[in-house]
Amino acid sequence: AEPEPSLEIRDLSVRYGGAVHALRGVSLRVPARGVVAVLGSNGAGKTTLLRAVSGTLPMHRGRVDGGEVTFGGRSLLRRDPADVVAAGVVQVPEGRRVFGRLTVDENLRAGAIGARDRRARAAARDRMYETFPRLAQLRGQRARLLSGGEQQMLAIARALMAGPTLLLLDEPSLGLAPRIVEQVAEVVGQVSAQGTAVMLVEQNAAMALAVSEHAYVLDLGRVAVEGPSAELSTSDEMRKLYLGET
Ligand code: ATP
């Protein structure tokens, strides 16, 4: 059997428009199983890192200045976003951009890229409704009428419709109430348990450390700290510097 694909980022450097050096030699690994968290405050470079992986940097006038990104041994750099999706890497963008005028069911249909035929797509939707029973209740509802938490579930479910082997999540807890953040964390755990690797970008360090096995903290475009999440969540330095505790 083929070895399961892992994401390897080596010494990655990214600039915007020449002047802004957003990533300065970042190295990071997401194994084929489990959840890896990428933490850091505003402007640390988290979104830039996801864009470099998903092939969406050029849309924001960003460019890779050095380093390498591979998935399953093949380079992802300078590929079209659609090629990255075809390689099994799917991003859920920040701000849960669902199609507001479309129903929940139509949003899921829109995510079914790569499914072989009608029957495979229907089966994929059925699986999503099993994983997300709340979405099954809302299947005929227009997405813009959903709560923030429900929209985040829908954005994740839509991404899963493409059958990714690696899911990239950009701040899924942003703007959600603590109780809903817990639900999102549960979903991340579920996705991982079903065999999809997750790279979870978060400002909510407590949530991200609770749901991940390994974590990296970005600061001003560099990896400032990395280690097993259980260790980082009890480290005094982490608490002071990055978890906003005193
Ligand atoms: P946030 O939590 O705000 O999304 P982040 O950690 O994701 O923060 P990035 O969005 O990756 O950080 O930004 C890293 C740096 O790159 C910041 O200094 C930011 O101002 C800059 N930057 C991001 N996008 C662009 C762009 N399109 N053009 C110029 N500079 C940019």
Side-chain angles (χ1 to χ4, degrees), residues 7-30 35-69 76-81 84 89-98 148-149 151-152 155-156 159 166-178 180-181 184-185 188 198-212 214-227 229 232 237-238 240-245:
L7 179 75
E8 313 273 352
I9 298 173
R10 276 181 231 101
D11 210 21
L12 186 68
S13 183
V14 170
R15 288 177 187 271
Y16 290 103
V20 184
H21 203 169
L23 294 182
R24 302 159 178 268
V26 168
S27 296
L28 166 163
R29 177 166 190 273
V30 183
V35 181
V36 167
V38 178
L39 311 173
S41 52
N42 264 322
K46 305 183 299 301
T47 298
T48 300
L49 188 62
L50 287 187
R51 284 178 187 154
V53 174
S54 64
T56 54
L57 260 181
M59 300 168 188
H60 304 271
R61 297 198 339 110
R63 69 181 171 80
V64 172
D65 199 36
E68 187 49 277
V69 176
L76 291 186
L77 289 184
R78 298 173 192 92
R79 307 254 302 263
D80 285 335
V84 177
V89 179
V90 176
Q91 180 173 0
V92 181
E94 189 178 319
R96 38 186 174 276
R97 270 166 261 151
V98 293
Q151 286 184 1
Q152 185 61 64
I156 292 173
L166 171 62
L167 191 68
L168 310 172
L169 286 173
D170 196 355
E171 303 215 21
S173 79
L174 196 71
L176 300 180
I180 311 299
V181 171
V184 172
V188 172
V198 179
M199 180 167 160
L200 171 64
V201 160
E202 263 298 337
Q203 276 194 57
N204 185 333
M207 176 273 217
L209 289 177
V211 78
S212 61
H214 202 88
Y216 295 80
V217 181
L218 289 188
D219 191 22
L220 298 174
R222 295 180 205 277
V223 174
V225 183
E226 73 159 293
S229 304
L232 295 197
E237 189 199 1
M238 266 297 287
K240 272 195 212 120
L241 291 178
Y242 303 108
L243 300 182
E245 297 173 22

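When a ligand or atom number is given, it counts from 1 through the structure's own listing order.
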- Sequence neighbours excluded, every pair satisfying salt bridge (charged side-chain N to carboxylate O under 4.0 Å, His left out) that has a member inside residues 55-67: Arg15-Asp65, Arg63-Asp65

- Item | Candidate list Thr56, Leu57, Val201, test side-chain contact (heavy atoms from CB on, under 4.5 Å), partner Leu50, passing option | Val201

- Task: Check salt bridge (charged side-chain N to carboxylate O under 4.0 Å, His left out) between Arg29 and all other residues, then give those that pass, not counting sequence neighbours.
- Result: Glu8

- dist Leu169:CG -> Glu94:CD (nearest 0.5 Å) comes out at 12.0 Å

- Task: Would you please write out the protein residues whose heavy atoms approach any atom of ligand 1 to under 4.0 angstrom, listed by chain and number?
- Result: Tyr16, Val20, Ala22, Ser41, Asn42, Gly43, Ala44, Gly45, Lys46, Thr47, Thr48, Arg51, His60, Glu94, Glu171, Gln203

- Taking only residues at least two apart or on different chains, which pairs with a member in residues 43-56 satisfy salt bridge (charged side-chain N to carboxylate O under 4.0 Å, His left out)? Lys46-Glu171

- Note on the structure: In Val38, Asp170, Asn42, the residue satisfying side-chain contact (heavy atoms from CB on, under 4.5 Å) with Thr47 is Asp170

